[in-house]
Amino acid sequence: MKITILTLFPEFYESYLNTSIIKRAISKNSVEVHICNIRDYSLDKTKRVDDIPFGGGNGMLLKCQPVLDALRAVKTENSKVIYLGPTGKTLHQSVARTLSKEEDLVILCGHYEGIDQRILDYVDEVISIGDYILTGGEVASLVLMDSVIRLLDGAITESSHLDESFENGLLEYPQYTQPRVFEGKEVPPILFSGNHQAIDKWRRKESLKLTKEKRPDLFEKYSLTKQDKKLLDEIENNKVGKWEERAIEGAKKFTKNKEA
């Protein structure tokens, strides 16, 4: 995949492109990232790219000429051009999945009060990362780019995606690491049972519980299986399932026999 960012602040991306999963994806040729400075295409001798809006009002707008000349310089017949703005559909995991299938993404970052409305005639899709105001599209472009790149082959293993929040319609289950007890808080014993079927069931139960509590909007859309309904009954009645008790007890017996 090729991603090109049209921005007024190319230096903003330097550290991001050289860290963690993004750096790995680039080094494995899973993605090429190009940063295009819109100012380079300004015909103004001072490289000005903005002007006051007709009709008055606060702030400044990016002008058509530098933006569209920059866009024409980087766009190919396979490009999908995205503008980051509040009028677009909200970025969700499913949107990131769809965009990860594209060959060539061009992401336009607005600044100041936004862009001349006529520029949108050259844009394929408008995407918003949420209902709040940022000083520019650069931060939003990082969010969009990160959500897409991590889904590409070579970024992280495919199995790592499977249980992540939003991938299957539920929030991800809680996870723990060393030490087993920290400041009196103990890791759930089921995770030490060695019974992977029971552990998977517990994780499913916790995902259902978290989603219902924290994101009821997601939970309402989710299609429950017969097993999910049984697990929900345990959640609603604050019960430990017999399957969980058996798994934990089995692990205790195994440990005692081993010690004997």
Side-chain angles (χ1 to χ4, degrees), residues 1-7 13 16-17 19-35 71 74-110 120 122-132 134 137-175 200 203-204 206-212 214-225 228:
M1 169 181 275
K2 178 183 175 184
I3 298 177
T4 304
I5 308 291
L6 301 184
T7 176
Y13 298 89
Y16 170 77
L17 296 176
T19 55
S20 189
I21 290 170
I22 307 306
K23 181 179 181 180
R24 184 192 312 158
I26 293 172
S27 67
K28 290 186 175 182
N29 297 317
S30 299
V31 63
E32 296 177 26
V33 180
H34 301 271
I35 309 300
L71 178 59
V74 302
K75 185 179 178 182
T76 69
E77 60 180 14
N78 296 320
S79 296
K80 184 179 182 70
V81 182
I82 295 170
Y83 173 63
L84 295 160
T87 62
K89 65 182 178 184
T90 304
L91 177 63
H92 292 292
Q93 187 66 11
S94 59
V95 176
R97 275 279 177 197
T98 299
L99 292 178
S100 71
K101 306 289 193 299
E102 296 286 342
E103 295 180 23
D104 187 346
L105 292 180
V106 177
I107 303 173
L108 171 60
C109 301
L120 292 178
Y122 303 83
V123 167
D124 297 313
E125 187 170 3
V126 181
I127 292 178
S128 168
I129 66 166
D131 296 340
Y132 42 85
L134 299 172
E138 283 73 25
V139 172
S141 73
L142 292 187
V143 173
L144 177 61
M145 191 160 47
D146 197 286
S147 70
V148 170
I149 291 177
R150 65 191 311 282
L151 296 174
L152 301 177
D153 292 340
I156 60 178
T157 59
E158 179 60 27
S159 59
S160 297
H161 298 302
L162 299 179
D163 292 325
E164 289 183 327
S165 294
F166 311 116
E167 280 290 353
N168 62 6
L170 298 173
L171 297 180
E172 189 175 6
Y173 49 80
Q175 299 196 67
D200 288 344
R203 286 173 168 168
R204 180 74 173 185
E206 290 299 308
S207 286
L208 289 165
K209 181 181 178 182
L210 272 177
T211 308
K212 187 175 182 182
K214 307 295 185 182
R215 290 295 303 273
D217 57 319
L218 290 178
F219 187 79
E220 288 175 5
K221 299 175 185 175
Y222 190 73
S223 298
L224 299 171
T225 65
D228 291 338

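Note that the coordinates shown come from a computational prediction; the quantities given were computed from them, not determined experimentally.
- Around atom CD of E103, no more than 12 heavy atoms belonging to other residues, nucleotides or ligands sit under 6.0 Å away.
- Here the shortest heavy-atom pairing between L91 and S147 reads CD2-OG, 4.0 Å.
- With hydrogens and angles disregarded, a donor-acceptor distance shorter than 3.5 Å links the side chain of S207 to the backbone of L171.
- The environment of NZ in K101 is crowded: more than 12 heavy-atom neighbours from other residues, nucleotides or ligands sit within 6.0 Å.
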- Task: With side-chain contact (heavy atoms from CB on, under 4.5 Å) as the test, would you mind laying out the steps for Y16 and M145 before giving the verdict?
- Result: CA-CA 11 Å; Y16 170 77; M145 191 160 47; 3.4 Å; yes

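- In this structure, V31 and V148 have side chains that are not in contact, with every pair of non-hydrogen atoms separated by 4.5 Å or more.
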- Report the C-alpha distance between V74 and H34 in whole Å, list the side-chain angles of each, state the deciding distance to 0.1 Å, and finish with yes or no for side-chain contact (heavy atoms from CB on, under 4.5 Å). CA-CA 9 Å; V74 302; H34 301 271; over 6 Å; no

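- With sequence neighbours excluded, the residues that form a side chain to side chain contact (heavy atoms under 4.5 Å, CB included) with D228 are R204, L208, Y222, L224, T225.
- Using a 4.5 Å heavy-atom cutoff, the side chains of I22 and L17 are in contact.
- Using a distance-only test at 3.5 Å, with no hydrogens or angles considered, a donor-acceptor pair links the side chain of T76 to the main chain of N78.
- Remark: side-chain polar atoms of S30 are paired, donor with acceptor, to backbone N or O of D153 under 3.5 angstrom.
- Between the CG atom of L152 and the CG atom of N29 there is a distance of 12.0 Å, given to the nearest 0.5 Å.
- Nearest heavy-atom pair, C109 versus I5, reported as atom, atom and distance to 0.1 Å: SG-CG2, 3.8 Å.
- In this structure, CZ in R150 is found 5.5 Å from CD1 in I21, a value given to the nearest 0.5 Å.
- When every heavy atom of L210 is checked against every heavy atom of P174, the shortest pair comes out as CD1-CD, 4.0 Å.
- No side-chain heavy atom of L84 sits under 4.5 Å from any side-chain heavy atom of V143.
- Of all heavy-atom pairs spanning I149 and I3, the tightest one is CG1-CD1, 3.9 Å.
- For the pair V33 and Y13, the minimum side-chain heavy-atom distance is 4.5 Å or more.
- Counting heavy atoms from C-beta outward, L108 and L71 have side chains that stay 4.5 Å or more apart.
- Taking all atoms of both residues into account, the shortest heavy-atom contact from E125 to K80 is OE1-CE, 2.9 Å.
- Remark: R97 CZ to H92 NE2 distance equals 16.0 Å, nearest 0.5 Å.
- Partners of E32 according to the salt bridge (Lys or Arg N to Asp or Glu O under 4.0 Å) rule, which considers only residues two or more places apart in sequence or in another chain, do not exist here.
- Separating the NZ atom in K214 from the NZ atom in K209 is a distance of 10.0 Å, to the nearest 0.5 Å.
- Expressed to the nearest 0.5 Å, how far CD of E206 lies from OG1 of T211 amounts to 10.5 Å.
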- Task: Apply side-chain contact (heavy atoms from CB on, under 4.5 Å) to the pair L144 and L99, showing each step before the final yes or no.
- Result: CA-CA 9 Å; L144 177 61; L99 292 178; 3.7 Å; yes

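- From S141, atom OG reaches atom CG of L134 across 10.0 Å, with rounding to the nearest 0.5 Å.
- Residues that satisfy the salt bridge (Lys or Arg N to Asp or Glu O under 4.0 Å) test with K212, not counting sequence neighbours, are E236.
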